[in-house]
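Reviewing the structure listed below.
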2 protein chains.
Amino acid sequence: MSAEQRRASVLAAAVEEFAHGGLTGTSTESIAARAGISQPYLFRLFPTKKALFIAVVEQVFRRTATHFERAAGELTGSEALDAIKLSYWELFTDQTYLLTQLQAYSSCYDPDIQAATRGGFRELWETATRLTGLPFEDISQFFAHGMLINVIAAMDLPAIGEQWAQLLCAPDVEPANPTG
Amino acid sequence: MSAEQRRASVLAAAVEEFAHGGLTGTSTESIAARAGISQPYLFRLFPTKKALFIAVVEQVFRRTATHFERAAGELTGSEALDAIKLSYWELFTDQTYLLTQLQAYSSCYDPDIQAATRGGFRELWETATRLTGLPFEDISQFFAHGMLINVIAAMDLPAIGEQWAQLLCAPDVEPANPTG
DNA sequence: CAAGGTAGTGAGTGGCCACTACCTTTCCCG
DNA sequence: CGGGAAAGGTAGTGGCCACTCACTACCTTG
């Protein structure tokens, strides 16, 4: 297998591991094991653990942006936004991306990670703005709801039976302008 | 100093340290140093590092709820919610609580931490509901915006000069029912 | 002043873990 | 078919860190 292919598979393994443990709570050992290579060889493919983490963060944000683009298709305006909202809920089934996002935010004390996270968030923001053409206020509300979804996934609220939790997990796209 | 007082001061030190590094990225050494005690004595006051982290999480959520109650005062309805919104923005000046919340969410892979975090979130949710008496939809939007504020604090968006970032950091309480 | 309890510390210890040095295999190309 | 680069592994190593143990200083109470 070529080094480039290996790098990709290591990246895929790292996303899964980092999503749960974060940068400091995940060992390179476990990533290597999941990728099916020896742990030292991982350092031939990525110079440092932090660099691998940053690569993971960048990939997750970029793929989420691509996910948005596919969801919007040829739509524009609030129709595009509704489609993107639904597509974000789709990520709930495999929570990896949502959890990785949280790990990125909570690791922002490190300047390099903060820079990467800002860049990813910015890319996401600009993608949503470009695809919908909607004003700041709508984009802001969409992202706010997205961040709420992230923590709902982290706490695994669907698993607890209480009503408010269940309501939160219903992917209803509420009307943008509630009449009244 | 009594053990109870020490416990409180250790807790205060731990909030600061955990807010930046999270559970796995923070050493008990640094917490003890900040609290002004020896590292072994920390384990006389808290049985384990994780237990200390959970105590921190519980305290932060409870204090945030208290913060809400003070902000609402005698107000009810959307007036109470607006007051609470502003009070949450106040936490931005000392971002410790917001960052700790993020650390809690991103550490939820551990079942004990997940349980504590769920409890804290639930307490916050019920406090907001009780104080305002507003329906689910309003509370949900408030929390969504709150989660967005958390990640804005983590990424320190006020520090970057771009327009969208600046707009996000303006604590305007948008009207609950935009006319039209 | 004896006796016991409480606050607090110095000196470990065992394990994990990021990262390194060096060796082996494979395979392509002239 | 020889050689060299690239893929990959084995065996460390040094440092950090959660947690323990054995001990001291002090304070209260009878």
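Each chain gets a letter, A, B and so on, in the order the sequences are listed, and its residues count up from 1.
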What integer distance in Å separates [X]:[atom1] from [N]:[atom2]?
X     : N      : atom1 : atom2 : value
A/M1  : C/dC28 : CE    : P     : 15 Å
A/Q5  : D/dG8  : CD    : C1'   : 15 Å
B/F46 : C/dA7  : CZ    : P     : 14 Å
A/Y41 : D/dA7  : OH    : C1'   : 5 Å
A/L42 : D/dG8  : CG    : P     : 12 Å
B/L52 : D/dC19 : CG    : P     : 10 Å

Protein-nucleotides 15-22 of chain C N/O pairs closer than 3.5 Å?
| from | atom 1 | to | atom 2 | distance (Å) |
| --- | --- | --- | --- | --- |
| C/dA18 | OP1 | A/T26 | O | 3.3 |
| C/dA18 | OP1 | A/K49 | NZ | 2.8 |
| C/dA18 | OP2 | A/T28 | N | 2.9 |
| C/dA18 | OP2 | A/T28 | OG1 | 2.6 |
| C/dC19 | OP1 | A/T48 | OG1 | 2.9 |
| C/dC19 | OP2 | A/T48 | OG1 | 3.1 |
| C/dC19 | OP2 | A/K49 | N | 3.0 |
| C/dC19 | N4 | A/Q39 | OE1 | 2.7 |
| C/dC19 | N4 | A/Q39 | NE2 | 3.4 |
| C/dC22 | N4 | A/R44 | NH2 | 2.9 |

Inter-axis angle, terminal five-pair segments of the helix from C/dC1-D/dG30 to C/dG30-D/dC1 [nearest 10°]: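 Overall, the helix from C/dC1-D/dG30 to C/dG30-D/dC1 bends by 0° from one end axis to the other.
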
query: According to the interplanar angle, ranging from 0 to 90°, do the rings of B/F121 and A/W164 count as parallel (below 30°), tilted (30 to 60°) or perpendicular (above 60°)?
result: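 Rings of B/F121 and A/W164: parallel, under 30°.
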
Would you find a donor on one side and an acceptor on the other, under 3.5 Å apart, between the side chain of [X] and the backbone of [Y]?
X      : Y      : value
A/S30  : A/T26  : no
B/T100 : B/T96  : yes
B/R118 : A/D156 : yes

task: May I ask you to decide whether B/E69 forms a salt bridge with B/R130, counting only side-chain N to carboxylate O separations under 4.0 Å?
output: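 Judged by the 4.0 Å cut-off on N to carboxylate O distance, B/E69 and B/R130 do form a salt bridge.
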
- prompt: So which heavy atom on B/L98 is nearest to which on B/A153, and how close?
  reply: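 The answer is CD1-CB, 3.8 Å.
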
Closest non-hydrogen atom pair, A/W89 against A/L168: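 That closest heavy-atom pairing would be CH2-O, 3.6 Å.
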
query: Side chains of B/N150 and B/Y97: do they bring a donor and an acceptor to under 3.5 Å?
result: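 On atom types as modelled, these side chains do not qualify, holding no pair under 3.5 Å.
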
